[in-house]
Amino acid sequence: MSDRILVTSALPYANGHIHLGHLVEYLMTDIWARSQRASGRRCVYVCADDTHGTSIMIRARQERRSELELIAEMSAAHQRDFAAFHIRFDHYGSTHSEANRAACARTWEALRAGGYVRTQEVTQLFDPVEGVFLADRFVQGTCPRCGATQQWGDSCEKCLSTYTPMELVDPVSTLSGAQPVVRSAHHLLVEVERLHGFLDTWVRADGTLQPEIANYLTGFFLSGPLRDWDVSRPAPYFGFEIPDSPGDYWYVWFDAPLGYIGATAEWCERHGESLEDWWRSASTRIVHVIGKDIVYFHTLFWPAMLHVAGWSLPSRVQVHGFLTVNGEKMSKSRGTFVLARTYLEAGLDPTHLRYYYATKLGPRADDLDLDLDDFVARVNADLVGKLVNLASRTARFVTGQALPATYPEDGGLFAEGAAAHDEIVAAYEAFDFARVTRLVMGLADRANEWVARTEPWALAKDPARRDELVAACAVALSVYRQLVVYLSPILPELAGKTAALLGRPIERLAEATEPLVGVTVAPFERLLDRVDAKRVAAMIEASRASLPGSPPPADPPGPARETPAPIDEPVAPTCSIEDFERLDLRVARVTAAAAVAGAKKLVELTLDVGAAGTRTVFAGIKGSYPPERLVGRLVIVVANLAPRAMRFGTSEGMVVAAGPPGKADERQVFLLAPDDGAAPGLRVR
RNA sequence: GGCGAGGUAGCUCAGUCGGUUAGAGCACGCGCUUCAUAAGCGCGGUGUCGCCGGUUCAAGUCCGGCCCUCGCUACCA
């Protein structure tokens, strides 16, 4: 076993506030770190704000203040939210720190020295108004393949084709609305492929990655050559200038993971430790906790960089899934996109969320569902009905009393709990917190049964049986404390209150094997409140209310569909009437419609376009419009769209529909139709 | 299409190395209790363990095939 453990969570981006989805990761890491410490290991938990990149720069400009002011404010907000959920970092830094700059420089020198860096001219779109190069996600335009408008710079959400932003028709900068120009600049790239062999081995190392993650990497990225990684961005860019390449800045994903090292360096500085011991020593285990969205940054580029620069490699990268709420992706329109602060402001207890997440967190990267009804029922039943109840139903009988100096006979109850110690420690180590809570609640059930059989309240009525009463309470309170000790990494606040009630601190999981003797019981105070379902409802309402308002449209007829979230979609740049007339839109009648076998969303339509003949058109609308409902209705079709060969056949046009931009939920598509009286073949003008 | 994960009671899930009659919690019903935050205890019912086949003395568990759900990824207007 290593002398030291360093554990990290991914660095939250300084462009947004912490929400319940973020908290999965930080709570998971905090619980693990606390459990390691409670097992007697030295474990340091560091994190930091991720502060660089174009988004921060642009946002600061829009808010007419400096980036430094913006990131300072966000860092304070993040740390306040984390602290409120009892997430305790040993150090919380920032990627915009001198320590991180030094870590970047040191790593960069090693990459240079190893000959891994090459220069290449990269042609990109450039926003002449803002004066910045535009990443794919800052450009919108018309898809060069299918003509869909307002598509992002890298791929079309409609036809799912991929391309470069330069290929977009009528591109627009989403930053300024200006038309971008093509401009080239030199970039610095890291030749990751040269480390392919190393990565193959590292990814497969036992215990480093969850098997399904290793398998995914091996089969997906490592099955072919790795592309060179572009790690520089030309000025202006909010970040660190590359020392040996003036005017170039490290890409945010280069310096962000190095923030782990930078933050550790700051912690070392403050505590008289040596960074070499923590990041260049085999006696430190490094554990990263991340979400499944950033797996490849942490399992390909990151180990490659560390390897070249002689830093320690993570001994474990623990990947978790995403949070869903009531079984669905978090949604602003449903009010399930809940900020950490909103949860707190609704008067809900962070302890409850910590417990609920723990009951759902296992060692695998599965998504975790916050079912709000289940949340209320589970927390109230487990924490209040079972656990805290053990104390509240007995402590009052012995207020101010000293418990016996020797532990009374309990029929093996305490010993049974003590026997679970090793299993519980192992479950914590494996990030299997669901197992921890299951085991502990099983023990709590048995303890409540014991109390019911022993009937301390009956003993209390007979002064002659005073000793028996005290003994019974000593058992119940010992077992109560035992279970709280086991849960203390998950429920630190309850552990603290329990320590005060029973006059003994809770620090180690091993204390669960020692019964409570000789202590004086303090006056009972409420240890935990129940979850109030009304507050949960208020939280959802508040989350919904914080949206830019817009009354939801009435549900159109048809299958169950979703009211689209109000989307702030910018209006496309001005076009002339001539531009418009290039599009030949015609009324058409659907004469046949069939779902396309093998496609998720496609419906194959046969259209009568009057004099323009009959067309076969594929439309991705199955989620909103089952084929049988389409036959006979009128639609609008782009009649002069270039035919498009698809796997399922050739599409001779496109049916026009309204819908949100981006990754459209297929239930959010609305076909356009002419009023009654229009005939197939009529042109729209 | 590829990869991954799943399908066990109304709901959420556990189920070790194949081994007795398949379990827990929630919910529900009845009874008890009234110490406790409308808490607790006892009793009770439902299961084609997704489907089909195979291995075996024995399959929820192992093997093969299939169906369905979810996630990631690709193709596709």
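We name chains A, B, ... by the order of the sequence lines, and we start the count at 1 in each one.
Taking atom C1' in both B:G29 and B:G19, one finds a spacing of 35 Å when rounded to whole Å. B:C68 and B:C63: their P atoms are spaced 22 Å apart (whole Å). Annotation: B:G7 and B:U12 have their P atoms spaced 12 Å apart (nearest Å). Taking the P atoms as reference points, B:C52 lies 13 Å from B:U61, given to the whole Å. Nucleotides B:C26 and B:C51 are separated by 29 Å at their C1' atoms, to the nearest Å. Nucleotides B:A9 and B:A14, compared at atom C1', are 13 Å apart to the nearest Å. B:U48 and B:U8: their P atoms are spaced 10 Å apart (whole Å). Comparing the P positions of B:A59 and B:U20 gives an interatomic distance of 12 Å, to the nearest angstrom.
At whole-Å resolution of the value, CD in A:E455 and P in B:U33 are 10 Å apart. Remark: C1' of B:U12 and CG of A:D371 are 8 Å apart, rounded to the nearest angstrom. Distance A:D367 CG to B:C13 C1': 17 Å, rounded to the nearest Å. As rounded to whole Å, 10 Å separates atom P of B:C72 from atom OH of A:Y216. Per the geometry, CG belonging to A:L439 stands 18 Å off P belonging to B:C13, to the nearest Å. One atom, CD1 of A:I294, and another, C1' of B:G71, lie 17 Å apart when rounded to the nearest Å. Rounded to an integer number of Å, the gap from A:L477 CG to B:C35 P is 17 Å. Distance CG (A:L413) to C1' (B:C41): 15 Å, rounded to an integer number of Å.
At the heavy-atom level, A:V451 lies nowhere under 4.0 Å from the strands shown. Among the protein residues, A:L528 comes within range of the nucleic acid bases, having at least one heavy atom under 4.0 Å from a base atom. Within the nucleic acid shown, A:I213 has no heavy atom closer than 4.0 Å to any nucleic acid atom. Residue A:R396 is classed as a sugar-phosphate contact, given heavy-atom separations below 4.0 Å to backbone atoms only. When heavy atoms are screened at a 4.0 angstrom cut-off, A:N380 is found touching no nucleic acid atom at all.
Side-chain atoms of A:Q318 and A:H288 include no donor-acceptor pair closer than 3.5 Å. No donor-acceptor contact under 3.5 angstrom links the side chains of A:N389 and A:Y480, judged on distance only.
Formation of a donor-acceptor pair under 3.5 Å by the A:E468 side chain with backbone atoms of A:L459 is not found in this model. With hydrogens and angles ignored, the 3.5 Å screen pairs no side-chain donor or acceptor of A:H352 with any backbone N or O of A:L348. Formation of a donor-acceptor pair under 3.5 Å by the A:H298 side chain with backbone atoms of A:V295 is not found in this model.
With hydrogens and angles left out, the side chain of A:N389 and the base of B:A36 share a donor-acceptor pair within 3.5 Å.
A salt bridge does not link A:R354 to A:E493: none of the charged nitrogens lies less than 4.0 Å from a carboxylate oxygen. Of the charged side-chain nitrogens involved, none lies within less than 4.0 Å of a carboxylate oxygen, so that A:K360 and A:D369 do not count as a salt-bridged pair. Of the charged side-chain nitrogens involved, at least one lies within less than 4.0 Å of a carboxylate oxygen, so that A:K292 and A:D367 count as a salt-bridged pair. Electrostatic pairing of A:R446 and A:E416 counts as a salt bridge here, judged by a charged N lying under 4.0 Å from a carboxylate O.
Side-chain atoms of A:E449 lie closest to B:G42 of the nucleotides B:G42, B:G40, B:C35. Closest to the side chain of A:A452, out of B:C3, B:C41, B:U73, is B:C41. Relative to the side chain of A:R393, the nucleotides B:G71, B:A36, B:G25 differ in distance, and B:A36 lies closest. Of all nucleotides listed (B:U12, B:C35, B:A5), B:C35 comes nearest to the side chain of A:W457.
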Check your understanding: Given the rule that a pair is Watson-Crick or G-U wobble with both distances under 3.5 Å, how would you write RNA chain B in dot-bracket, using | for pairs to a different strand?
Key -> (((((((..((((.....[...)))).(((((.......))))).....(((((..]....))))))))))))....

Pick out the pairs of N or O atoms, protein on one side and nucleotides 7-10 of chain B on the other, that lie under 3.5 Å.
none

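Ring geometry for A:Y486 versus A:H421: interplanar angle of 30 to 60°, hence tilted. Classification of the A:F431-A:F433 ring pair by plane angle, with boundaries at 30° and 60°, yields tilted.
Between A:R446 and A:R526, the residue anchored closer to the 5' end of RNA chain B is A:R526, taking for each the nucleotide with the nearest heavy atom. Position along RNA chain B of the nearest nucleotide to A:K461 versus A:D382 favours A:D382 as the more 5'-ward residue.
Judged as a side-chain hydrogen bond (donor to acceptor under 3.5 Å, both in side chains), the pairs with a partner in residues 390-403 of chain A (not counting sequence neighbours) are, in order, A:R393-A:N448, A:Q401-A:R466.
For A:R364 and B:G6, the shortest distance from a side-chain N or O to OP1 or OP2 is below 4.0 Å. Contact annotation: A:R530 side-chain N/O to B:A36 OP1/OP2 distance is not under 4.0 Å.
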